[in-house]
Amino acid sequence: MSILNREFYKKNTLDVAKNLLGCKIFRKINNEILSGTIVETEAYMQDDPACHAFNGYTQRSATLFKQAGIAYVYLIYGMYYCLNFVTEAEGTAGAVLIRALNMPNANGPGKLCRELKIDKSLNEADVTNKKSGLWVEKGITVPPENIVTTTRIGIKKAADYPWRFYIKDNKFVSKL
DNA sequence: GATAAGATGTTA
DNA sequence: AACATCTTATCA
């Protein structure tokens, strides 16, 4: 029962992406609580051609510049939602994309949002308390040797940046 | 107002 | 390997 506080997110995006591995996401819907361990993340930063905020401040990317510890949810390809957690200080763009959870049918950004019933109404939701129905708690600690660093998936720009992290030998990680 | 591209998932 | 499908950004 230790919810990750705002200080956890208000750090270097790459560090937050690694620290989030092994943490548990909780989603409360009506009286049901869904949860899953984060097994795969990707980092997106301000000086990153693939980041939505790279080309300046727009309506969609505005969330990335807000305070750390809130959710950034957007629709991709008109069919799938992606869940991010905003990082860095207010005014600096940065976010961590959650790519996979340690639960069935959640091995991909779009699939996990479908499983957790995440949609745009959760955009900018505060993840540091339970009121929003979406929060993260400290989970297992992943030793550095079990964190694998590779290039990101599904993007065309800056695809060679080694900013994707996942837990070694985890079968729920999207794509091998 | 119109157009092109996109941090994906499913199907063949 | 191709496609489904629509919001967002970027023009005019």
Side-chain angles (χ1 to χ4, degrees), chain A residues 4 8-23 25 27 34 36-88 91-125 127 134 136 147-168 170-176:
Chain A
L4 299 178
F8 177 90
Y9 299 97
K10 199 171 174 179
K11 288 189 270 186
N12 181 283
T13 306
L14 295 174
D15 288 334
V16 178
K18 279 184 277 194
N19 292 340
L20 275 172
L21 290 175
C23 295
I25 288 185
R27 172 79 174 113
L34 302 169
T37 302
I38 300 172
V39 296
E40 184 180 2
T41 63
E42 275 181 14
Y44 287 89
M45 304 181 70
Q46 192 158 279
D47 297 325
D48 173 5
C51 182
H52 289 164
F54 181 70
N55 288 324
Y57 189 95
T58 62
Q59 190 175 9
R60 181 174 61 163
S61 67
T63 307
L64 292 169
F65 292 90
K66 294 181 184 288
Q67 66 175 343
I70 62 174
Y72 170 47
V73 181
Y74 69 95
L75 189 61
I76 190 64
Y77 300 139
M79 337 166 99
Y80 295 105
Y81 290 102
C82 290
L83 172 65
N84 302 245
F85 294 127
V86 176
T87 60
E88 308 280 353
T92 302
V96 176
L97 169 69
I98 309 303
R99 288 194 58 89
L101 301 180
N102 188 5
M103 62 187 288
N105 309 319
N107 58 329
K111 288 164 107 180
L112 76 87
C113 286
R114 205 172 54 189
E115 282 300 306
L116 299 183
K117 302 195 171 33
I118 290 169
D119 61 21
K120 269 175 76 173
S121 66
L122 283 167
N123 190 36
E124 301 191 10
V127 196
L134 178 69
V136 187
I147 297 180
V148 182
T149 304
T150 49
T151 53
R152 292 178 292 186
I153 285 181
I155 55 175
K156 300 201 171 84
K157 303 173 197 166
D160 54 333
Y161 286 35
W163 289 352
R164 171 173 172 249
F165 307 98
Y166 63 92
I167 298 179
K168 191 179 181 180
N170 190 289
K171 63 178 177 180
F172 292 102
V173 171
S174 67
K175 266 196 176 171
L176 294 166

For a quick check of understanding: with a heavy-atom distance under 4.0 Å over all strands, which category does A:Leu97 fall into, base, sugar-phosphate or nothing?
base
On a heavy-atom basis, the closest approach of A:Leu97 and A:Cys82 is CD1-CB, 3.9 Å
Run the salt bridge (Lys or Arg N to Asp or Glu O under 4.0 Å) test against A:Arg27 and tell me which residues pass, sequence neighbours left out.
none
Duplex segments of DNA chain C, taken as runs of at least three Watson-Crick or G-U pairs that stay under 3.5 Å:
B:1-6 with C:6-11, B:8-11 with C:1-4
Within residues 76-86 of chain A, residues whose heavy atoms come under 4.0 Å of DNA chain C:
A:Tyr77, A:Gly78, A:Met79
For the residue pair A:Val96 and A:Val16, what are the closest heavy atoms and their distance?
CG2-CG1, 4.1 Å
Taking ring-ring contact (aromatic ring centres under 6.0 Å, His included) as the test, write out the residues that go with A:Phe172, two or more places apart.
none
Is the backbone of A:Leu64 close enough, under 3.5 Å, to the side chain of A:Ser61 for a donor and an acceptor to pair up by distance?
no
Over all strands shown, is A:Arg99 touching base, sugar-phosphate only, or nothing at heavy-atom distances under 4.0 angstrom?
sugar-phosphate
For A:Tyr166, which of A:Ile38, A:Ile147, A:Val148 qualifies under side-chain contact (heavy atoms from CB on, under 4.5 Å)?
A:Val148
Closest non-hydrogen atom pair, A:Ala95 against A:Asn84
CB-CB, 4.1 Å
Any residue meeting ring-ring contact (aromatic ring centres under 6.0 Å, His included) with A:Tyr80, in chain and number order, not counting sequence neighbours
none
Set out, in order, the CA-CA distance, both residues' side-chain angles and the distance that settles side-chain contact (heavy atoms from CB on, under 4.5 Å) for A:Leu101 and A:Leu116, then state yes or no.
CA-CA 10 Å; A:Leu101 301 180; A:Leu116 299 183; 3.6 Å; yes
If I compare all heavy atoms of A:Pro49 with all of A:Tyr161, which pair ends up nearest, and what's the gap?
CD-OH, 3.7 Å
Identify each donor-acceptor pair in which a side-chain atom of residues 152-160 of chain A lies under 3.5 Å from a protein atom, sequence neighbours left out, and give them as a table.
from     : atom 1 : to       : atom 2 : distance (Å)
A:Arg152 : NH1    : A:Ala43  : O      : 3.0
A:Arg152 : NH1    : A:Asp48  : OD2    : 2.7
A:Arg152 : NH2    : A:Asp48  : OD1    : 3.2
A:Arg152 : NH2    : A:Asp48  : OD2    : 3.4
A:Arg152 : NH2    : A:Ala158 : O      : 3.2

For residues A:Ile70 and A:Val127, report the shortest heavy-atom separation together with the two atoms involved.
C-CG2, 3.7 Å
Given atom CD of A:Gln59 and atom P of C:dA9, what is their separation to the nearest angstrom?
7 Å
Side chain to side chain donor-acceptor pair (under 3.5 Å) with A:Thr149: which residues, sequence neighbours excluded?
none
Please enumerate all residues that pass ring-ring contact (aromatic ring centres under 6.0 Å, His included) together with A:Tyr57, with sequence neighbours excluded.
A:Phe65
Do any pairs count as a side-chain hydrogen bond (donor to acceptor under 3.5 Å, both in side chains) and have a residue in residues 12-23 of chain A, sequence neighbours left out, and if so which ones?
A:Thr13-A:Thr87, A:Thr13-A:Glu88
Do any N or O atoms of the protein come closer than 3.5 Å to N or O atoms of nucleotides 10-12 of chain C, and which pairs are they?
none

Which residues within residues 108-123 of chain A lie with some heavy atom under 4.0 Å of an atom in DNA chain B?
A:Gly108, A:Pro109, A:Gly110, A:Lys111, A:Arg114
Along DNA chain B, first and last positions that approach a heavy atom of chain A under 4.0 Å:
B:dG6 to B:dT10
